[in-house]
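One-based numbering, in listed order, for ligands and for the atoms of each. Side chains included, hydrogens not; waters and symmetry mates left out as well; all remaining heavy atoms used.
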Amino acid sequence: MASQRPGFPVRLTPTASAATRGRLPAVPVKPLVPATPSMASDAVRARMVQRLAAQGIADSRVLRAMGTVERHLFVDSALVNQAYEDTSLPIGLGQTISKPNVVARMIELLLGAPALAGKPGDRLGRVLEIGTGCGYQAAVLSHVATEVYSIERLRGLHERARVNLRSFRLATVHLMLGDGMVGYPKGAPYAGIIAAAGGEAVPEAWVTQLAVGGRIVAPTQSASGGQALVVIDKTARGIERRILEAVHFVPLKSGIA
Ligand code: SAH
């Protein structure tokens, strides 16, 4: 009887594998779990990009930029699992990061600036972003524009964006603390101006600081009391204004806090 007791460590008889050996295809087994968290986020981000394309984002420059920037590194650790969902997320001080679809849509509109017409592969020139927030959109913009000036009125967020962006080493992104209602004359003229906060109207300063051939994309109060996206083009013929779909952005406020 004692001889039938398994020894230690237990040896399993290799009968099953011996029986099938030679018949199984010799392919390496794919791990079910990605090897590193960054590989996991790459896969989730790729799915987000597929979703954006299915939702109608067609500009390959935008899809590539959205696929490159690691959105999960910009949100609070408690929200990391939601970073690639189509949802806006709190970034502190009562502010929010827009959902990926809105970020992509607005940047796609920005790249439709008259100066870039017929140049589907080109980068936009200097861009001004009003409302740095956590710095995510500034990072995305750095992949489609030659230079990004991003201004934030809340010191806490300005500093957070600085920390968030440090590891990305984006030499072309310039963060400023200030009131973006007056634009940022030092960087003007801009090929594009994009606002992440909505006011009653597009400030005249932004139009003044826009280059000929440039475009402004901004949420603005609509006639019904809600908000809508406004696109303003500056051409040799003058200013052209279009009102597009309804949106929900945090308010554009004046002064620094
Ligand atoms: N683009 C940001 C989203 C930020 S939310 C991101 O990717 O995270 C909008 C931001 O606009 C808020 O941080 C708010 O403080 C800021 N804001 C509102 N009015 C402003 C103004 N006049 N000047 C600069 N920033 C402003």
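- Among Glu152, Lys253, Arg160, the residue whose heavy atom sits closest to atom 19 (N) of ligand 1 is Lys253.
- Set against the non-hydrogen atoms of Met181, the atoms of ligand 1 under 4.0 Å away are 22 (N).
- Residue Gln137 places at least one N or O, backbone or side chain, under 3.5 Å from an N or O of ligand 1.
- Between Pro189 and Arg126, some side-chain heavy-atom pair lies under the 4.5 Å cut-off.
- Between Asp233 and Arg215 there is a salt bridge, since at least one side-chain N of the basic residue sits less than 4.0 Å from a carboxylate O of the acidic one.
- When only interatomic distances are considered, the shortest N/O to N/O separation between Ser254 and ligand 1 does not fall below 3.5 Å.
- Of the heavy atoms in Pro251, only backbone atoms (N, CA, C, O) come closer than 4.0 Å to ligand 1.
- Of the N and O atoms on the side chains of His174 and Glu147, at least one donor lies less than 3.5 Å from an acceptor on the other residue.
- The distance from ligand 1 to the heavy atoms of Leu154 drops below 4.0 Å at these ligand atoms: 15 (O).
- Within the 4.0 Å heavy-atom shell around ligand 1 one finds Thr132.
- Close contacts of ligand 1 with Ala197, meaning ligand atoms under 4.0 Å from a residue heavy atom, involve 11 (O), 18 (C).
- Heavy atoms of Ala195 come nearer than 4.0 angstrom to ligand 1 in no pair at all.
- From Glu204, atom CD reaches atom CD of Gln209 across 11.0 Å, with rounding to the nearest 0.5 Å.
- Remark: ligand 1 atoms within the under-4.0 Å shell around heavy atoms of Gly178 are 23 (N), 24 (C).
- Of the protein's non-hydrogen atoms, the one nearest atom 11 (O) of ligand 1 is Gly131 CA, 3.1 Å.
- Of all protein heavy atoms, the one lying nearest to atom 24 (C) of ligand 1 is Arg153 N, 3.3 Å.
- Looking at Val250 next to ligand 1, no N or O pair under 3.5 Å apart turns up.
- Atoms of ligand 1 lying under 4.0 Å from any heavy atom of Leu157, numbered from 1 in the order shown and given with element: 13 (O).
- Side-chain contact, Gln137 with Glu129: a donor N or O sits under 3.5 Å from an acceptor N or O.
- Ligand 1 does not have Ser98 within reach: every non-hydrogen atom of the residue lies 4.0 Å or more from it.
- For atom 12 (C) of ligand 1, the nearest protein heavy atom (residue, atom name, distance) is Gln95 OE1, 3.3 Å.
- We find that Lys234 and Glu240 are not joined by a salt bridge, their nearest charged nitrogen and carboxylate oxygen being 4.0 Å or further apart.
- By the 4.5 Å heavy-atom criterion applied to side chains, Arg242 and Leu229 are not counted as neighbours.
- Side-chain contact between Val75 and Leu89 is present, with heavy atoms from C-beta onward closer than 4.5 Å.
- Within the 4.5 Å cutoff, the side chain of Arg64 has no heavy atoms near those of the His143 side chain.
- For the pair Cys134 and ligand 1, the shortest N or O to N or O distance falls below 3.5 Å.
- With respect to atom 9 (C) of ligand 1, the closest heavy atom belonging to the protein is Ala196 O, 3.2 Å.
- Considering backbone and side-chain atoms alike, Gly180 places an N or O below 3.5 Å from some N or O of ligand 1.
- At least one side-chain heavy atom of Met66 sits less than 4.5 Å from a side-chain heavy atom of Val103.
- Looking at ligand 1, you won't find any N or O of Thr96 less than 3.5 Å from one of its N or O atoms.
- Counting heavy atoms from C-beta outward, Ile130 and Trp206 have side chains that approach closer than 4.5 Å.
- Checked by atom type, the side-chain pair Thr132/Glu152 shows no donor-acceptor distance below 3.5 Å.
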